[in-house]
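Take a look at the structure below.
Sequence lines set the chain letters: A, B, ... in the order given, protein chains first and strands last, and positions in each chain run from 1.
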Amino acid sequence: MNPTLRRLLAHRGALLGIAYMVVLAFTAAFAHLILPGDPLAQDLANTLDPPSAEHWFGTDELGRDLMTRAIYGARTSLITALGAVTIGGVIGVPIGLIAGFFGGWRDAILMRIVDVLLALPGILFAMALIAVLGRSQLASLVAVGITGIPGFARITRAQVLSLRQRDFVTAVEALGGSSAYNMFTNVLPNAWSPILVSVVVLSSVAILLEAALSFLGVGIPPPTPSWGDMLRTGKGFLYEAPYYAVLPGIVLTLTILSLDTIGRTLSRLIEDRQSAEDEG
Amino acid sequence: MTSYILRRLAQAIPVLLIASLGIWAMIYAVPGSPVGALVGENATPEQIAAVTARLGLDQPILVQYWRWLLAALDGDLGQSIQNREPVLDLIAKRIPATMQLGLAATLIGLLVGIPVAVASALKPNSLLDRVLSGWSALALGVPTFWLGILLILLFAVQLHWLPSASAYYSIFTDPLAALANLALPALTLGLYVSGVFSRFLRAALISELLADYVRTARSKGLRERDVVGRHVMRNAMLPFVTVVGLLLANFIGGTLVTEAVFTYPGLGRLLIQAIGVRDYPLIQGCILFILTIYITMNLLVDVLYAYIDPRIDYH
């Protein structure tokens with residue numbers, strides 16, 4: 001097994017976080033097989049029921065099972081995060097790679113664009129984009145994804161800059177290897193670790209941003225179950241059904257805390273390894 | 001120093017220009033005609049004619065942008081579609097509420113964050129440090145809007161101590177009502193801020209405490225309180241100032257969300273309501289306004305940092 005992965009699993013907090021994420025992803029992916037209920041099935045005779053044997057976390061204002069909706073909400077959340085991080089990475093990593101590898105005018109132009117994007121608060125940018133595109137899951141995904149581009153671009157560029165001067169890169173250049181070959185087969189594979197940390201950290205940011213947008217009523221439109229929207233609706237029934245907003249909040253918070261812990265542990269391990277390599 | 005400020009300005013202005021171009025272009029991207037986006041569906045022919053003439057909507061796009069920008073610089077952000085009031089007036093009415101919330105949250109963040117950071121940093125990796133670091137992770141990890149809901153459940157629904165929805169009262173004219181209404185939203189946002197403060201300040205303090213001058217100060221018999229309070233704290237606050245800049249973006253998001261949780265009548269809620277009814281002049285005005293404040297404050301933080309840390313030569 002990869003030594004960094006082994007040390008990651010040896011860290012108690014990170015292990016807990018990974019275990020939680022695995023369970024969450026598994027339940028979200030196979031929700032339709034595990035759960036008997038339909039997240040959209042209404043039961044208007046049993047609205048805002050308190051937790052019971054039949055509905056462990058009660059029902060919502062349309063009689064839908066809250067636990068079923070929270071689990072399908074995980075699916076919405078994880079798909080949005082996955083899509084957003086993919087958009088951010090697929091656009092951000094090449095920008096950082098090209099800017100860092102070539103330097104000069106390409107670096108100047110690309111990084112100015114990234115700086116503009118970085119200068120805008122993500123949530124404001126996402127809201128402006130959604131105001132234009134209209135409310136949909138795709139719009140949220142794209143908006144959240146674009147806010148991830150600067151993070152990927154900067155981290156990749158920093159990594160590429162430090163690899164650029166290493167012997168194995170300059171050697172390929174001296175031997176006449178093409179820049180594209182050098183970038184993709186030589187530099188990029190060695191720049192992966194910090195990018196991986198960004199994937200974890202930005203997934204957490206993406207999940208939180210998507211939930212915030214839905215909570216504000218500009219994210220994923222109902223009836224698609226999403227944690228942010230459940231919290232938004234639950235907030236309207238705090239007196240009638242105080243448990244409504246509790247479960248989606250717990251799963252959302254645990255998701256954020258898990259990803260943050262994994263991300264922080266990973267970045268510390270990679271730092272340790274790099275300083276060990278530099279000394280050795 | 002002057003050249004640094006000028007250079008920093010030269011960076012900020014293009015960002016604002018590009019962003020404002022994007023904000024202007026919004027009305028071209030929405031379905032329907034740009035005039036329709038600016039005056040709404042129920043506009044009279046006179047209103048359409050007035051807006052068309054004011055912004056030159058029959059002229060080339062760049063001319064339109066230029067006119068819109070000049071008008072905005074002049075304080076004319078157009079008229080809200082919903083209630084036909086000038087956008088700038090609507091924004092101006094909400095500023096005191098948002099400022100009061102922001103300042104109160106910052107105060108709570110400092111009052112909680114600084115002691116937590118100092119206690120952690122003095123005994124790194126001790127049990128206390130681990131508990132406090134866990135607290136910071138929690139303060140940063142728990143989504144602001146859920147924390148707000150939990151606080152409402154406890155203090156309003158269960159204990160009936162505080163209102164579940166917060167109105168705005170100025171702290172100067174009605175301090176008691178202001179405190180009762182501000183307590184929960186300010187605590188919600190303030191706890192998040194305290195997490196950011198304590199995490200960064202702890203790191204800065206720990207690295208400062210290893211410096212040579214600390215050993216010198218200790219070896220000449222200074223009390224620990226003076227070593228930390230008079231020497232270390234000042235140096236640790238320096239990198240800390242940049243955190244304030246980083247914090248601003250999250251702060252804006254936090255304010256938007258907190259205002260929504262407590263239905264607090266601030267700028268963030270104005271923007272969200274505007275998006276809800278597709279009031280484009282108001283959306284444009286709010287975003288442009290918040291962005292201008294944000295970029296200006298970032299600029300001030302950078303300049304302040306250069307000013308208080310003379311060691312750094314900005315070239």
Side-chain angles (χ1 to χ4, degrees), chain A residues 13 112-113 115-135 147 204-205 207-209 211-218 227-228 230-232 234-235 237-246 248-261 264, chain B residues 11-12 14-19 22-23 25-31 37 134 137-138 140-150 152-153 156-158 164 248-254 256-257 259-261 263 268-269 271-276 278 280 283-284 286-287 290-291 294-295 298:
Chain A
R112 277 299 84 75
I113 297 172
D115 281 347
V116 171
L117 214 50
L118 200 69
L120 311 175
I123 193 163
L124 210 57
F125 179 83
M127 285 172 82
L129 204 61
I130 289 168
V132 171
L133 297 176
R135 238 183 120 178
T147 63
S204 154
V205 174
I207 288 176
L208 193 58
L209 185 52
L213 289 170
S214 296
F215 178 77
L216 294 174
V218 295
W227 297 335
M230 287 177 80
L231 288 173
R232 171 189 174 78
K235 193 182 83 72
F237 300 104
L238 288 180
Y239 286 90
E240 300 90 331
Y243 48 83
Y244 191 140
V246 173
I250 292 176
V251 280
L252 171 60
T253 304
L254 286 178
T255 309
I256 303 293
L257 286 176
S258 297
L259 288 173
D260 283 354
T261 314
R264 256 184 307 140
Chain B
Q11 282 171 352
V15 171
L16 253 181
L17 280 177
I18 293 173
I23 294 170
M26 271 174 80
I27 58 156
Y28 280 93
V30 302
L138 216 56
L140 290 173
V142 176
T144 319
F145 40 101
W146 191 51
L147 179 65
I149 289 176
L150 291 182
I152 293 177
L153 280 175
V157 177
Q158 281 294 318
S164 61
L248 276 172
N250 292 335
F251 200 78
I252 288 175
L256 276 169
V257 168
E259 289 183 359
V261 176
T263 54
R269 240 178 97 66
L271 171 60
I272 294 160
Q273 285 166 334
I275 292 179
R278 305 184 146 259
Y280 287 101
I283 298 174
Q284 289 178 318
C286 286
I287 294 182
I290 299 174
L291 206 63
Y294 170 73
I295 290 174
N298 254 327

Heavy-atom pair count under 4.5 Å with chain A, highest-scoring of [options]:
| options | value |
| --- | --- |
| B:Ile283, B:Leu256, B:Leu16 | B:Leu256 |
| B:Leu291, B:Val15, B:Val261, B:Leu271 | B:Val261 |
| B:Ile23, B:Ile295, B:Leu150, B:Ile272 | B:Ile272 |

Any side-chain heavy-atom pair from [X] and [Y] closer than 4.5 angstrom?
| X | Y | result |
| --- | --- | --- |
| B:Pro143 | A:Phe215 | no |
| B:Trp146 | A:Leu252 | no |
| A:Ile130 | B:Ile275 | no |
| A:Asp260 | B:Leu140 | no |

**Heavy-atom contact with chain B under 4.5 Å, split by part of A:Arg112** =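 No part of it gets close to chain B.
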**Prompt:** chain B heavy atoms under 4.5 Å from A:Val218: which part of the residue, side chain, backbone, both or neither?
**Reply:**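 Side chain only.
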Interface moiety of [X] toward chain A, non-hydrogen atoms closer than 4.5 Å:
| X | result |
| --- | --- |
| B:Ile152 | side chain |
| B:Ala274 | neither |
| B:Arg269 | neither |
| B:Ala260 | both |

Partner chain B: residue of [options] with the largest heavy-atom pair count (under 4.5 Å):
| options | answer |
| --- | --- |
| A:Gly134, A:Ala211, A:Gly217 | A:Ala211 |
| A:Ile250, A:Leu117, A:Ile256, A:Thr255 | A:Ile250 |
| A:Gly13, A:Ala245, A:Ala212, A:Gly249 | A:Gly249 |

Ignoring hydrogens, what is the shortest heavy-atom contact between [X] and [Y]? Give both atom names and the distance.
| X | Y | result |
| --- | --- | --- |
| A:Ala131 | B:Met26 | CB-CE, 3.9 Å |
| B:Ile252 | A:Pro121 | CD1-CG, 3.9 Å |
| A:Leu257 | B:Gly141 | CD2-CA, 3.7 Å |

**Request:** Supply the atom-to-atom distance B:Leu153 CG to A:Leu238 CG, rounded to the nearest 0.5 angstrom.
**Result:**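 With rounding to 0.5 Å, CG (B:Leu153) is 5.0 Å from CG (A:Leu238).
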